[in-house]
Amino acid sequence: MSLIKIKKQILALDTKYQTPYYIIKGDYLGETVFVTAGIHGNEIASIRAAKQLLDNLKKGKIVIENGTLILVPIVNQRAYKKRVRGIPDLNRTFPKKSHDSPKHQLSKELFALAQKKNPNWYIDLHEANGLSRINPKRLGQTLITNSDNMARSAVIRIIEKMNSNIPQVQRQFTARFKHKKGSGRTAASRILHAKAITVETCWSLPLSKRIQYQTQIIHYILKEAHLINCLA
């Protein structure tokens, strides 16, 4: 096994929004996957799953073999410290069109990094109220991508794999194909032309289950992108 190459960097350095991010490169060329968590500071399972991914990478339990993973475990540190969503809602401040500018310093820094790295995949980890299987208007337990995004088929495959191991039908995942103006995912889809996916687990489920679901989905995405060849 090759040595693990994890490079720590700081986003928004020397500002009140600074937060670490990590670049993990495989031994071979491949796709780039950009993963964010903690856009909203009270969506704890997404943050815990991102931290667990980083820990597993450091311990060698997961090995990036091909391509590059860029991981931002807690985007909005100020909101996370208070365990609040954040004001303004950071996920409404990303550019809506290619000539637009982000409307917040932190989204500006994050999207500038994404533009620089030009990822093939942009994965944004979140949580939401309600179970989508029970109420289609709710976003808990969903994978979301833009209707015209290249990630559609991957979303369907990942949901099939997830649901095959979730016996409680009400906890199973559903797909949503829609844009959200001002969100990081839609900006990545429309401007960067990345395979962009929002992951939403449901707040009402036990924290340990939500972390488990988020972690499994991340692994499936890394497999779809061929960064890893097997689950650890």
Side-chain angles (χ1 to χ4, degrees), residues 4 22 24 26 30-40 43-75 119-134 138-145 149 151-177 185 194-232:
I4 301 167
Y22 303 85
I24 304 95
E31 296 189 317
T32 297
V33 178
F34 196 102
V35 177
T36 64
I39 288 282
H40 298 136
E43 297 174 4
I44 304 303
S46 66
I47 294 168
R48 291 278 294 276
K51 286 183 172 182
Q52 184 172 303
L53 172 61
L54 179 61
D55 188 55
N56 285 337
L57 288 162
K58 288 179 177 178
K59 293 178 179 178
K61 293 181 179 180
I62 298 173
V63 177
I64 301 301
E65 299 181 354
N66 312 299
T68 302
L69 171 64
I70 301 165
L71 175 63
V72 192
I74 311 175
V75 173
N120 305 93
W121 298 75
Y122 186 99
I123 313 302
D124 198 12
L125 307 179
H126 284 267
E127 298 204 86
N129 285 316
L131 292 162
S132 60
R133 283 279 182 173
I134 295 175
R138 299 295 184 179
L139 292 179
Q141 302 299 91
T142 61
L143 297 187
I144 312 169
T145 190
N149 193 265
R152 281 182 66 110
S153 58
V155 164
I156 293 170
R157 284 192 296 271
I158 292 167
I159 286 175
E160 288 177 350
K161 291 175 182 176
M162 289 297 298
N163 290 347
S164 68
N165 293 308
I166 303 176
Q168 307 96 327
V169 174
Q170 69 273 19
R171 291 189 178 187
Q172 291 181 352
F173 283 82
T174 61
R176 292 286 189 275
F177 303 111
R185 182 247 310 165
K195 295 178 181 178
I197 302 172
T198 300
V199 178
E200 299 270 10
T201 45
C202 179
W203 265 321
S204 65
L205 300 180
L207 178 60
S208 60
K209 271 295 177 188
R210 287 146 49 200
I211 296 170
Q212 176 188 331
Y213 293 151
Q214 296 250 2
T215 299
Q216 288 174 336
I217 290 167
I218 293 169
H219 285 189
Y220 285 134
I221 290 170
L222 294 179
K223 285 193 71 177
E224 286 278 343
H226 306 292
L227 266 68
I228 60 176
N229 293 325
C230 62
L231 293 180

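Only this structure's heavy atoms are used, side chains among them; waters, hydrogens and symmetry mates stay out. We number each residue from 1, following the sequence as shown.
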State, to 0.1 Å, how close [X] and [Y] come at their nearest heavy-atom pair, and which atoms those are.
{"X": "Gly38", "Y": "Ser46", "answer": "N-OG, 3.9 Å"}
{"X": "Ala194", "Y": "Pro119", "answer": "CB-O, 3.4 Å"}
{"X": "Pro73", "Y": "Ala50", "answer": "CA-CB, 3.8 Å"}
{"X": "Ser132", "Y": "Arg176", "answer": "CB-NH2, 3.6 Å"}
{"X": "Leu69", "Y": "Leu222", "answer": "CD1-CD2, 4.2 Å"}
{"X": "Ile197", "Y": "Arg185", "answer": "N-CG, 3.8 Å"}

Enclosure of Arg133 CZ (heavy-atom neighbours >12, cutoff 6.0 Å):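 For Arg133, atom CZ is crowded (more than 12 foreign heavy atoms under 6.0 Å).
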
Over 12 foreign heavy atoms within 6.0 Å of CZ, Arg138: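 Not more than 12 within 6.0 Å, no.
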
Nearest-0.5 Å distance that lies between atom [atom1] in [X] and atom [atom2] in [Y]:
{"X": "Arg171", "Y": "Arg210", "atom1": "CZ", "atom2": "CZ", "answer": "11.0 Å"}
{"X": "Thr36", "Y": "Ile123", "atom1": "OG1", "atom2": "CD1", "answer": "8.5 Å"}
{"X": "Trp203", "Y": "Ile44", "atom1": "CH2", "atom2": "CD1", "answer": "9.5 Å"}
{"X": "Glu127", "Y": "Tyr213", "atom1": "CD", "atom2": "OH", "answer": "12.5 Å"}
{"X": "Lys58", "Y": "Ile24", "atom1": "NZ", "atom2": "CD1", "answer": "9.5 Å"}
{"X": "Ile221", "Y": "Leu227", "atom1": "CD1", "atom2": "CG", "answer": "11.5 Å"}

Considering only heavy atoms from C-beta outward, does the side chain of [X] approach that of [Y] to under 4.5 Å?
{"X": "Val35", "Y": "Val72", "answer": "no"}
{"X": "Thr174", "Y": "Ile159", "answer": "no"}
{"X": "Cys202", "Y": "Leu205", "answer": "yes"}
{"X": "Tyr122", "Y": "Lys195", "answer": "no"}
{"X": "Phe173", "Y": "Ile166", "answer": "yes"}
{"X": "Leu54", "Y": "Tyr22", "answer": "yes"}
{"X": "Val199", "Y": "Leu143", "answer": "yes"}
{"X": "Asn56", "Y": "Gln52", "answer": "yes"}

Is there a donor-acceptor contact under 3.5 Å linking the side chains of [X] and [Y]?
{"X": "Gln216", "Y": "His219", "value": "no"}
{"X": "His126", "Y": "Glu200", "value": "no"}
{"X": "Thr198", "Y": "Asp124", "value": "no"}
{"X": "Thr201", "Y": "Gln214", "value": "yes"}

Test log, rule side-chain contact (heavy atoms from CB on, under 4.5 Å), inputs Ile70 and Val33: CA-CA 6 Å; Ile70 301 165; Val33 178; over 6 Å; no

Sidechain N-carboxylate O distance under 4.0 Å for Lys51, Asp55: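 Looking at Lys51 and Asp55, the cut-off is not met.
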
Residues forming a salt bridge (Lys or Arg N to Asp or Glu O under 4.0 Å) with Arg157, sequence neighbours excluded: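 Testing Arg157 for salt bridge (Lys or Arg N to Asp or Glu O under 4.0 Å), a comparison that skips the adjacent residues, returns Glu224.
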
Using a 3.5 Å distance criterion without hydrogens, assess whether the side chain of [X] forms a donor-acceptor pair with backbone atoms of [Y].
{"X": "Asn163", "Y": "Gln172", "value": "no"}
{"X": "Thr145", "Y": "Ala196", "value": "yes"}
{"X": "Glu31", "Y": "Asn120", "value": "no"}

Check against side-chain contact (heavy atoms from CB on, under 4.5 Å), Ile47 and Leu125: CA-CA 8 Å; Ile47 294 168; Leu125 307 179; over 6 Å; no

By side chain to side chain donor-acceptor pair (under 3.5 Å) - contacts of Thr142 (at least two apart):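 For Thr142 there are no side chain to side chain donor-acceptor pair (under 3.5 Å) partners, ignoring immediate neighbours.
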
